[in-house]
Amino acid sequence: MTEQTKRRTRGGGRAGAKNRRGTAVIEQMPWAPPVNIDRPVEPLTPEGVAAVHDGAMRILEEIGIEILNAEALEVLRKAGATVSGENVRMGREMVMEYVALAPSEFTLTPRNPDRAITIGGRNLVFGNVSSPPNYWDMALGRKVPGTRAQCQDLLKLTQYFNCIHFAGGYPVEPVDIHASVRHLDVLYDKLTLTDKAMHAYSLGRERVEDVMEMVRISGGWTDEEFEASPKMYTNINSTSPLKHDIPMLDGWMRIARRNQAMVVTPFTLAGAMAPVTMSGAVAQSLAEALIAVVLAQIIRPGSCVAIGTFTSNVDMKTGAPAFGTPEYMRATQMTGQLCRFYGLPMRSSGVCAANVPDGQAMWETSNSLWAAVQSGTNMVYHAAGWLEGGLIASPEKFIMDCEILQQIQRYMQPEICATGPDEIALDAIKSVGNQGHFFGIQHTQDRYTTAFYQPFLSDWTNYEGWEVAGGIWTPERAHHMFRDIVNSFEPPAMDAAIREELAEFVARRKAEGGAPTDF
């Protein structure tokens, strides 16, 4: 019996109770990716949807997208696109023919099949912060370049919280590891510290191929089993306005050939890399995304693709990116309407421009997360831990965001809106009448532990109680919780032979030099 099997079958007694709770540090909600039961917010009329779609099609037909990858150019040319130098144009009939091949829903199955997630439909999943080069926590009190140890701590939070459903890119860039081998060390950490679906950066052949091989090893899959269905995914960004670069398209095509999942997310900031009008920015973003969808479907018809939105605005006084704004929320909702029009899953983000985990950070992130819910988003990147427009990762912010994510998960539970006889509760109302209260009656006693959301971070005591307890502000409570979680963290089970094979692969690829760099 393997170590993995032994640990998975031990479910009773104190160990079982601990698993049901997550760990002893906090009481959290169980692993249960939410299903969005609400109707989406749709700011566009049917005529508005048609106008934005027509704008995206005219960009592809009349202006074109610069494709800097020679292989991608040849694939598109052979499929019937008009190629002039690096400029690619295509008719809307071609676009819609290929878009129709992509599935509207797909499943990502990581090494732990109990952590499989479905992307599309009404499904809603949240991922950790990804790719900030810097780190901030309350013990440091300042922004510093990321390290491997900090990245590992954030991965522990990624695994610990049940409301985080997938492990995105590096939760902070460990700049203390040379870029040529960074992907090897971080993927080893991700695969051993987490058992959730994860991501490959499309930044050169070696990184993409190494990550796919490490994910394959982690699941004990043959090449054929790995390629039978998506086990991981990549996300690429266009170079707005109207370009796709060499390495990202290279990774995109490699991932497509091996039947793994793909997300294309143009980074269109209205007023800078896109028109100042939000419908124009959304139309441009869709054009940049759709050409990548077409490319994937040419290479592998039926490949799993989602459209991401990162359409926001800039501060017109400084040029700095702004997030969680009213414009950002509307652009997300509008993109959701168009994704449903195209029948494709959607990715958005939980983002803010704040520099520390303060009030601004939380209202901007809350705005962006609720915009994701309202838009019908399926996959939310950066749902926990993001600061300074993506330049800082913070464990305190991560934990504060998870409080919001749990509340969204609870908000989507249909029992809150149930209307059966027990919920209408006429007998309970009759028993209390107009003289008593509901605290002590049986109807309340039967339900009091599960009737309402119970926070793990929020403090609901009055001011005096809070003051007596030390007057601890929310970020400080989150910091103490962060330290407790990482200090008591237990990694998920992994077969010893698989762990050894991963370590051997990393050592071999390091000896071979990893990925080439120019420094």
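Atom set for the values below is all heavy atoms of this structure, side chains included, hydrogens, waters and symmetry mates excluded. Predicted, not measured: the structure shown is a model, and the values here were computed from it.
Side chain of Thr234 to backbone of Ala200: a donor-acceptor contact under 3.5 angstrom is found. Judged by distance alone, with hydrogens and angles left aside, the side-chain atoms of Asn87 form no donor-acceptor pair with the main-chain N or O of Glu66 at under 3.5 Å. Between the side chain of Ser375 and the backbone N or O of Ala372, at least one donor-acceptor pair lies under 3.5 Å. Of the possible donor and acceptor atoms, one in the side chain of Thr147 sits under 3.5 Å from a partner among the backbone N and O of Gln150. Remark: side-chain polar atoms of Gln260 are paired, donor with acceptor, to backbone N or O of Phe226 under 3.5 angstrom. Asn378 places a side-chain N or O within 3.5 Å of a backbone atom of Asn123 that can act as its donor or acceptor partner. Remark: side-chain polar atoms of Gln337 are paired, donor with acceptor, to backbone N or O of Leu44 under 3.5 angstrom. Remark: the backbone N or O of Ile164 is paired with a side-chain donor or acceptor of Lys196 at under 3.5 angstrom. For the pair Ser240 (side chain) and Leu242 (backbone), a donor-acceptor distance under 3.5 Å is absent. No donor-acceptor pair closer than 3.5 Å links the side chain of Asn313 to the backbone N or O of Glu327.
Residue Asp210 forms a salt bridge (Lys or Arg N to Asp or Glu O under 4.0 Å) with just one option from Arg216, Arg254, Arg509, and that option is Arg509.
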- request: Test Thr109 against Arg111 for side-chain hydrogen bond (donor to acceptor under 3.5 Å, both in side chains), laying out the working first.
  value: CA-CA 7 Å; Thr109 305; Arg111 68 178 182 88; over 6 Å; no
- request: List the steps and the verdict of side-chain hydrogen bond (donor to acceptor under 3.5 Å, both in side chains) for Thr332 and Ser348.
  value: CA-CA 7 Å; Thr332 303; Ser348 63; 5.6 Å; no
- request: Show your reasoning for whether salt bridge (charged side-chain N to carboxylate O under 4.0 Å, His left out) applies to Lys397 and Asp401.
  value: CA-CA 6 Å; Lys397 176 65 163 38; Asp401 289 338; 2.9 Å; yes
field: Residues Glu225, Lys231; criterion salt bridge (charged side-chain N to carboxylate O under 4.0 Å, His left out); working and verdict
entry: CA-CA 10 Å; Glu225 289 168 338; Lys231 312 297 191 298; over 6 Å; no
- request: Please step through salt bridge (charged side-chain N to carboxylate O under 4.0 Å, His left out) for the pair Arg122 and Asp38, ending with a clear verdict.
  value: CA-CA 9 Å; Arg122 289 183 171 270; Asp38 286 356; over 6 Å; no
task: Begin from the C-alpha positions of Asp189 and Gln152 and carry the test side-chain hydrogen bond (donor to acceptor under 3.5 Å, both in side chains) through to its verdict.
output: CA-CA 7 Å; Asp189 290 343; Gln152 289 170 335; 3.2 Å; yes
task: Report the C-alpha separation of Arg89 and Ile63 in whole Å, then their side-chain angles, then the decisive distance to 0.1 Å, and conclude whether the side chain to side chain contact (heavy atoms under 4.5 Å, CB included) test is met.
output: CA-CA 7 Å; Arg89 290 179 290 114; Ile63 303 171; over 6 Å; no
message: Would Arg58 and Glu61 count as a salt bridge (charged side-chain N to carboxylate O under 4.0 Å, His left out) here? Give the steps.
response: CA-CA 5 Å; Arg58 291 188 63 186; Glu61 290 170 335; 5.9 Å; no
- request: Could you please spell out the steps behind the side chain to side chain contact (heavy atoms under 4.5 Å, CB included) verdict for Gln374 and Met329?
  value: CA-CA 9 Å; Gln374 294 165 351; Met329 296 179 73; 4.1 Å; yes
message: Using the rule given for ring-ring contact (aromatic ring centres under 6.0 Å, His included), can you reason through His178 versus Phe519, listing the C-alpha separation, both sets of side-chain angles and the distance that settles it, and then say yes or no?
response: CA-CA 9 Å; His178 194 271; Phe519 60 94; 5.0 Å; yes
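Ala102 and Leu344 get closest at one heavy-atom pair: CB-CD2, 3.5 Å. Across Pro491 and Thr192, no two heavy atoms sit closer than the pair CB-O, 3.6 Å. For the pair Met96 and Phe341, the tightest heavy-atom approach, listed with the atom from each and the gap, is CE-CE2, 4.3 Å. Of all non-hydrogen atoms in Thr517 and Arg207, the two that sit nearest each other are CG2-NH2, 4.1 Å. The heavy-atom pair separating Ile299 from Arg257 by the smallest distance is CG2-CG, 3.5 Å. The nearest pair of heavy atoms linking Gly324 to Asn367 is O-ND2, 3.0 Å.
Counting heavy atoms from C-beta outward, Asp137 and Ser394 have side chains that stay 4.5 Å or more apart. Using a 4.5 Å heavy-atom threshold, the side chains of His165 and Pro34 count as touching. With contacts defined as side-chain heavy-atom distances shorter than 4.5 Å, the pair Phe166/Thr158 does not qualify. The shortest side-chain heavy-atom distance between Asn237 and Asn235 falls under the 4.5 Å cut-off. A heavy-atom distance below 4.5 Å is found between the side chains of Leu290 and Met57. Proximity of Pro275 to Gln284: side-chain heavy atoms (C-beta onward) are separated by under 4.5 Å at one or more points. Counting heavy atoms from C-beta on, the side chains of Phe398 and Pro171 never come closer than 4.5 Å. Side-chain contact between Pro321 and Leu269 is present, with at least one heavy-atom pair separated by less than 4.5 Å.
Between the OG atom of Ser303 and the OH atom of Tyr98 there is a distance of 11.5 Å, given to the nearest 0.5 Å. Taken to the nearest 0.5 Å, the CZ atom of Phe126 stands 12.0 Å off from the OG atom of Ser349. Between Leu338 atom CG and Glu42 atom CD the span is 10.5 Å, to the nearest 0.5 Å. The distance from the OH atom of Tyr188 to the CG atom of Leu502 is 7.0 Å, given to the nearest 0.5 Å. Between the CD1 atom of Ile291 and the CD1 atom of Ile59 there is a distance of 11.5 Å, given to the nearest 0.5 Å. Atom CG in Leu187 sits 9.0 Å away from atom OG in Ser218 (nearest 0.5 Å).
The existence of a salt bridge linking Asp195 and Arg115 is confirmed by a sub-4.0 Å separation between a basic side-chain nitrogen and an acidic carboxylate oxygen. A salt bridge links Lys510 with Asp185: at least one charged nitrogen is closer than 4.0 Å to a carboxylate oxygen. A salt bridge does not link Arg205 to Asp250: none of the charged nitrogens lies less than 4.0 Å from a carboxylate oxygen. For Arg508 and Glu512, the salt-bridge test passes: some basic side-chain N is under 4.0 Å from an acidic carboxylate O.
Here the two rings, on Tyr170 and His183, have centers that are 6.0 Å apart or farther. The ring of Trp31 has its center no closer than 6.0 angstrom to the ring center of Phe161. Under the 6.0 Å cut-off for aromatic ring centres, Phe310 and Phe323 qualify, their centroids lying closer than that. Ring pair His53/Tyr342: centre-to-centre distance below 6.0 Å.
Between the side chains of Tyr201 and Ser131, at least one donor N or O lies within less than 3.5 Å of an accepting N or O. A donor-acceptor contact closer than 3.5 angstrom links the side chains of Gln333 and Arg330. Inspection of the Arg347 and Thr377 side chains reveals no N or O donor paired with an N or O acceptor under 3.5 Å.
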